[in-house]
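The block underneath contains the structure these notes are about, expressed in structure tokens.
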Amino acid sequence: MKNHVWRPLFVVLGLVAVILLVRLFIVPDDFSVGERGYMYGYHRLGNEQEWKDFKTKFRTSTYCNDCHEEKMAERVGSPHALIECENCHGLAGDHPDNPEKLTLDRSRELCLRCHTRLAYPSSQRKDLAGIDPQEHNPGDACVDCHNPHRPNLEEM
Amino acid sequence: MKRRDFLKNTMIAVAGASIPLSALEMIDPRELFAAHPELRWVFLADTYKCVGCGFCVKACKVENDTPYDANVSRTWVERYVITKSGEVHIDSPKAARDGFIAADIYKGQNPLALEVDFAHGRVDKTSVPKGEFASIPEEDIAQAFFVPKLCNQCENPACVQVCPVGATYQAPDGVVLIDRTWCIGCGYCIMGCPYGVRFFHPVYKVAEKCNFCYHRISKGLKTACATACPFGARQIGNIRDPNDPVTKAIMSERIGVLKDEYGTKPQVFYIGLNKEVR
């Protein structure tokens, strides 16, 4: 066959070679199909470990208990013992180093998350002690009267 | 060589060259299944126990560095109020980051717009005209409840199939992850997810989604949302462990999943769903 037929083919083959060469350098070595095959598992394997190494900030009450035993003991038997310390006090992260002081939310709105009365028949919300925020001492902070660690009305 | 022969041979050569070697390898699904028989993360949400406090959303946003005041969230809580006359009202102000502290509910007349919006927590009291909110008298409410939403970590994730660069994938334990260094931000996956779970991360400029707090569950901790929930409405478990309380509940309770008909096989199970929940 004549040369002019082959010449474009060489150009195409050259392009393919260049693309494969570039791909060799760009695509990370650990790119693989994993266990789910091409459709769901085509990825860089190292990324799984990168996500596992993501920093944990929510340390849970067992971490708080290491230093603040007396505060933890205060809550025992109270309905609020169900609530994680960090829900109101802010996530601990590397406390006491970073942050040195947590951002405690003492606002009325925080309490209203559960204690605005919503009489929803098919939700547990109706069973929680609830108030109408417009009627019940509007503008005042709940924590002025109620102790958030022991909110029982008898102990007020 | 004739022109006809040349074309014929070229076509055969091209067809042969386009078959990747791996296509000739036969994959046995049983082999894949057996590779990780011991771990498959699933989630159980109880719509009776959920009170809509929103501590889960607050914890999730801080734990996972989702910008706190941006209108995006990996998880959110929807409120459903169904009246005796059959009207369905749904809202999720600020993705329920601050809970539901008012009885007023979104009362818009365009359910489609609402669906698009609330999926990303965009129904914000400040951005919607005041008339769009109304309080429904207690005696008119037939059913009202809260539905926690998060990524379903589907067995057949639609979002993964559409990724053109292999930046999102399903880990061997079933969790769908995003490779932030590899994502090009094309947004196909955000469109592809039937549950509206994915969004564009305003800081990293890549697709973002709930990953069951992969860094926590792989260390033996619960997800941030499940830890923050005071009522046990959110639970994470391993469906391959028959003694896991979540597995036991899924096997014995009457449970449902969202948008079953899409065939994505979602792995977030709900107690107390009804047909109004989308």
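Each chain gets a letter, A, B and so on, in the order its sequence line appears, and its residues count up from 1.
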Can you say whether B:Thr227 sits under 4.5 Å from chain A via the side chain, the backbone, both, or neither, judging by heavy atoms? both
About how many Å separate CG of B:Asp140 and OG1 of B:Thr83, when rounded to the nearest 0.5 Å? 7.0 Å
By a 4.5 Å heavy-atom criterion (distance strictly below it), what part of A:Lys126 contacts chain B: side chain, backbone, both, or neither? neither
Out of A:Thr56, A:Leu118, A:Thr116, return the one with the most heavy atom pairs under 4.5 angstrom to chain B. A:Thr56
Does any heavy atom of chain A fall under 4.5 Å from the side chain of B:Glu138, the backbone, both, or neither of them? side chain
Cut-off 4.5 Å, heavy atoms of chain B, and the answer for A:Ile26 is both
Most contact-rich option vs chain B, by heavy-atom pairs under 4.5 angstrom, among A:Leu91, A:Asp127, A:Ile83, is A:Leu91
Which residue out of B:Gly272, B:Gly99, B:Gly232, B:Gly166 racks up the most heavy-atom pairs below 4.5 Å with chain A? B:Gly166
Part of B:Glu155 within contact of chain A (heavy atom distance under 4.5 Å): both
Using a 4.5 angstrom heavy-atom cutoff, name the option from B:Cys213, B:Cys53, B:Ala59, B:Ala224 with the most pairs to chain A. B:Cys53
Within the side chain of B:Arg79, is there an N or O that forms a donor-acceptor pair under 3.5 Å with the backbone of B:His89? no
Report yes or no: does B:Asn152 contribute a side-chain atom to a donor-acceptor pair with the main-chain N or O of B:Cys154 at less than 3.5 Å? no
Quick one: do A:Lys55 and B:Asp65 make a salt bridge, cutoff under 4.0 Å? no
Can you tell me which portion of B:Val175 sits under 4.5 Å from chain A's heavy atoms? Options are side chain, backbone, both or neither. neither
Does the gap between the ring centers of B:Phe146 and B:Tyr80 come in under 6.0 Å? no
With a 4.5 Å heavy-atom cut-off, do B:Tyr169 and B:Leu177 have their side chains touching? yes
Taking the side chain from B:Lys209 and the backbone from B:Val176, do they hold a donor-acceptor pair closer than 3.5 Å? yes
Where on B:Lys58 is there a heavy atom nearer than 4.5 Å to chain A: the side chain, the backbone, both, or neither? side chain
Charged N to carboxylate O below 4.0 Å: is that the case for B:Glu63 and B:Arg216? yes
Regarding B:Glu276 and B:Asn274, is there a side-chain donor-to-acceptor distance under 3.5 Å anywhere? yes
Flag the pair A:Arg108 and A:Asp140 as a salt bridge only when some basic side-chain nitrogen lies within less than 4.0 angstrom of an acidic carboxylate oxygen. no
Please state whether the side chain, the backbone, both or neither of A:Glu84 comes within less than 4.5 Å of a heavy atom of chain B. side chain
Between A:Ser122, A:Gly90, A:Gly41, which has the largest tally of heavy atom pairs under 4.5 Å with chain B? A:Ser122
Ring centres of B:Tyr214 and B:Trp41 under 6.0 Å apart? no
Scored by heavy-atom pairs under 4.5 Å with chain A, the best of B:Leu221, B:Thr168, B:Thr181, B:Asn156 is B:Asn156
Greatest number of non-hydrogen atom pairs under 4.5 angstrom with chain B, of A:Phe58, A:Tyr42, A:Phe31, falls to A:Phe58
In terms of heavy-atom proximity below 4.5 Å to chain A, should B:Ala233 be classed as side chain, backbone, both, or neither? neither
Examine whether an atom of B:Lys222 lies under 4.5 Å from a heavy atom of chain A, and if so say whether it belongs to the side chain, the backbone or both; otherwise answer neither. neither
